[in-house]
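Everything on this sheet refers to the single structure shown next.
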Number of protein chains: 2
Amino acid sequence: MKSAVEPLKARRIYLLLRDRIVAGDLPPGCRLPGEPALAAEHAVSRVTVRRALDLLEKEGLVQRKAGSGTFVHDTRSVRPIVADLSNVLSHLIDMGRSTDVKLLSFGYVAPPEAIAESLGLKPGERVQRSVRVRLIDGEPFSYLTTHVPEWLGLTYSEAELAARPLLELIERSGVKTERATQAINATLAGPEPAAALDLEIGSPLLTLTRVVHDPSGRGVEHLHALYRPDRYSFHMDLVRIGDDGERRWSPALGRPRAPNKTKADKANTDKNNAGEKPTRGSRAIKQRS
Amino acid sequence: MKSAVEPLKARRIYLLLRDRIVAGDLPPGCRLPGEPALAAEHAVSRVTVRRALDLLEKEGLVQRKAGSGTFVHDTRSVRPIVADLSNVLSHLIDMGRSTDVKLLSFGYVAPPEAIAESLGLKPGERVQRSVRVRLIDGEPFSYLTTHVPEWLGLTYSEAELAARPLLELIERSGVKTERATQAINATLAGPEPAAALDLEIGSPLLTLTRVVHDPSGRGVEHLHALYRPDRYSFHMDLVRIGDDGERRWSPALGRPRAPNKTKADKANTDKNNAGEKPTRGSRAIKQRS
DNA sequence: GAAACCTGTATGATCTATGATACAGCTTCG
DNA sequence: CGAAGCTGTATCATAGATCATACAGGTTTC
């Protein structure tokens, strides 16, 4: 008898309440129904309700006050999200800011079939594989797995990879990047990414897969990136251009984001990040991008 | 004693193997280690390993042959993914194709604080709220919650909303859409979206939040969309433009997608999906958009 | 064909999550 | 102050997940 893996009830309640909170159904500051009421409403025991509330509290979505109740935490002011304006293009190259990078793995290996194909490698050609974690203010937010053809990977060292953005190293070698394809998706955190990103196994992750080509069509970089959704998301501002006959949406460049900032690009997610914790990562190295 | 909610072990193994498969570590066709070997490797019982394999099999990632072994299923040919080219802009308005829409909820309500603010509504102003599910080939792939100011929502009927794309109805009313902001993220499926999308609770979902404004700055549409990542993802092709001094990435327009197949453009796994199931949705209505 | 391996299936023991209940301590309100 | 409601905590019973083990039946290899 295969009992279908029914997710834990506490998780069910947690997700239910979480949706109601983020949807605004339970507005910030609002006191949500008491634990006995919730238990009755969802036909579970109060212990289970508490587990769900524990999860919500751990995520900072609610705040509990003994004797008083459980209140929806106002997240608007407490969202130091690493918002990344990806005008679909700029996010590729810039996103400056001082972030730390930890190199988890580095080496030359035979590429998996799918990677070799997407990079257009010849049979037997090897690749440089690296796994890095990016941190902001000491907190990890992305888990990057890159594959680069061996001939290109040999133009820089392991230390350089940990200190400089990969695209910069590629261009420094003389290779011109010309074309790229990206795909954005979602997945669940497996054991390794979860550990690296300081998450529970099974947490949701934003996914970005990118393949960059040079003018001759050779693949020069294959990136598989996993992002913590609570610390990173893709933003874009669009404007309608063209005359009435053929209006189209186009990314809005030069839309000043906060106070000042120049008209075009340049990773202008300023503000925040005033107080900075010292970097505590073991192999963490300061870098731009 | 709060025992930390450690996700089920079977789930852990499942995610672990899934990562190794999609990463190409276990290439398609490969026979993965036997159940006893996996059990020993991860220090769990064989029963638990089987649960993990059950999940993988249900997702079509592996195929089991009694007496022989468990094999990685070649997913490349079995991925009828609704790949959506979002040149970051077009995906807003087009994405033609005949999809079905089910209207789950429709009505006029007082907007949640966050919605009212993002739309720039006056206090007390009401909104039209609708929840729709989009299906392709009878299979649901997106769960859309929209909020529209009441004055605008009254210009079309409930039936029209179920039959036509919302942006089209908005523009038909004479309102000009001028500016939009989007954010893409990831989350877990709560009970309602999970049921509507035919998913397990806790499955990963792609998220798109969009606010559209008219030339005067009024908000005219607030969209919160949830997508099944196995049936939908955001794709974009980029090219490098500008001279050497100031090169930038720009979305590649007019890149024909399906028939020809540019050499290094994966994700467009054609073939497959020749036979089509009839649409069975109850309140399903054919529509473009 | 026989040995070695594999998946499929079943059993009972054990650990964990959940249920039902009770009570202590705090907060709010009249 | 005192009643009512809430969270925090503990107890023991039950249901579900996992474990350890055993065996049946198919596949591969020799």
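Letters go in sequence order (proteins before strands), and every chain restarts at 1.
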Sequence neighbours excluded, every pair satisfying salt bridge (charged side-chain N to carboxylate O under 4.0 Å, His left out) that has a member inside residues 40-49 of chain A: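 Only E35(A)-R46(A) qualify under salt bridge (charged side-chain N to carboxylate O under 4.0 Å, His left out).
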Strictly by salt bridge (charged side-chain N to carboxylate O under 4.0 Å, His left out), give each pair with a member in residues 13-24 of chain B just once, sequence neighbours left out.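 Checked against salt bridge (charged side-chain N to carboxylate O under 4.0 Å, His left out) - neighbours excluded - the pairs reaching residues 13-24 of chain B are R20(B)-D25(B).
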Rounded to the nearest angstrom, tell me the gap between atom [atom1] in [X] and atom [atom2] in [N].
{"X": "R51(B)", "N": "dT9(C)", "atom1": "CZ", "atom2": "C1'", "value": "14 Å"}
{"X": "L55(B)", "N": "dA17(D)", "atom1": "CG", "atom2": "P", "value": "12 Å"}
{"X": "R31(B)", "N": "dA4(C)", "atom1": "CZ", "atom2": "C1'", "value": "12 Å"}
{"X": "L8(A)", "N": "dA15(D)", "atom1": "CG", "atom2": "C1'", "value": "13 Å"}
{"X": "F71(A)", "N": "dC26(C)", "atom1": "CZ", "atom2": "C1'", "value": "12 Å"}
{"X": "L53(B)", "N": "dT18(D)", "atom1": "CG", "atom2": "P", "value": "13 Å"}
{"X": "D54(B)", "N": "dT18(D)", "atom1": "CG", "atom2": "C1'", "value": "14 Å"}
{"X": "R64(A)", "N": "dC26(C)", "atom1": "CZ", "atom2": "P", "value": "17 Å"}

Partner residues of A116(B) under the side chain to side chain contact (heavy atoms under 4.5 Å, CB included) criterion, sequence neighbours left out: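 For A116(B), the residues satisfying side chain to side chain contact (heavy atoms under 4.5 Å, CB included) (neighbours in sequence not counted) are P111(B), L121(B).
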Please name all residues satisfying side chain to side chain contact (heavy atoms under 4.5 Å, CB included) with V109(A), sequence neighbours left out, ordered by chain then number.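 Expected list: V127(A), R129(A).
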Does the side chain of F106(A) reach to within under 4.5 Å of the side chain of Q128(A), using non-hydrogen atoms?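 Yes, side chains in contact.
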Check side chain to side chain donor-acceptor pair (under 3.5 Å) between [X] and all other residues, then give those that pass, not counting sequence neighbours.
{"X": "S130(A)", "value": "T146(A)"}
{"X": "T207(B)", "value": "none"}
{"X": "E150(A)", "value": "none"}

Can you confirm whether the side chains of T145(A) and H147(A) place a donor and an acceptor under 3.5 Å from each other?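 No, no side-chain donor-acceptor contact under 3.5 Å.
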Return no unless some side-chain N or O of R50(B) is found under 4.0 Å from OP1 or OP2 of dT7(C).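 For dT7(C), neither OP1 nor OP2 has a side-chain N or O of R50(B) closer than 4.0 Å.
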Using a 4.0 Å cut-off on protein heavy atoms (strictly under), produce a 5'-to-3' string for nucleotides 19-30 of chain D with B for base contact, S for backbone-only sugar-phosphate contact, and - for none. BB-B--BBS---
Bend angle of the helix from dG1(C)-dC30(D) to dG30(C)-dC1(D), from helix axes over five pairs at each end, nearest 10°: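 It works out to 30° between the end axes.
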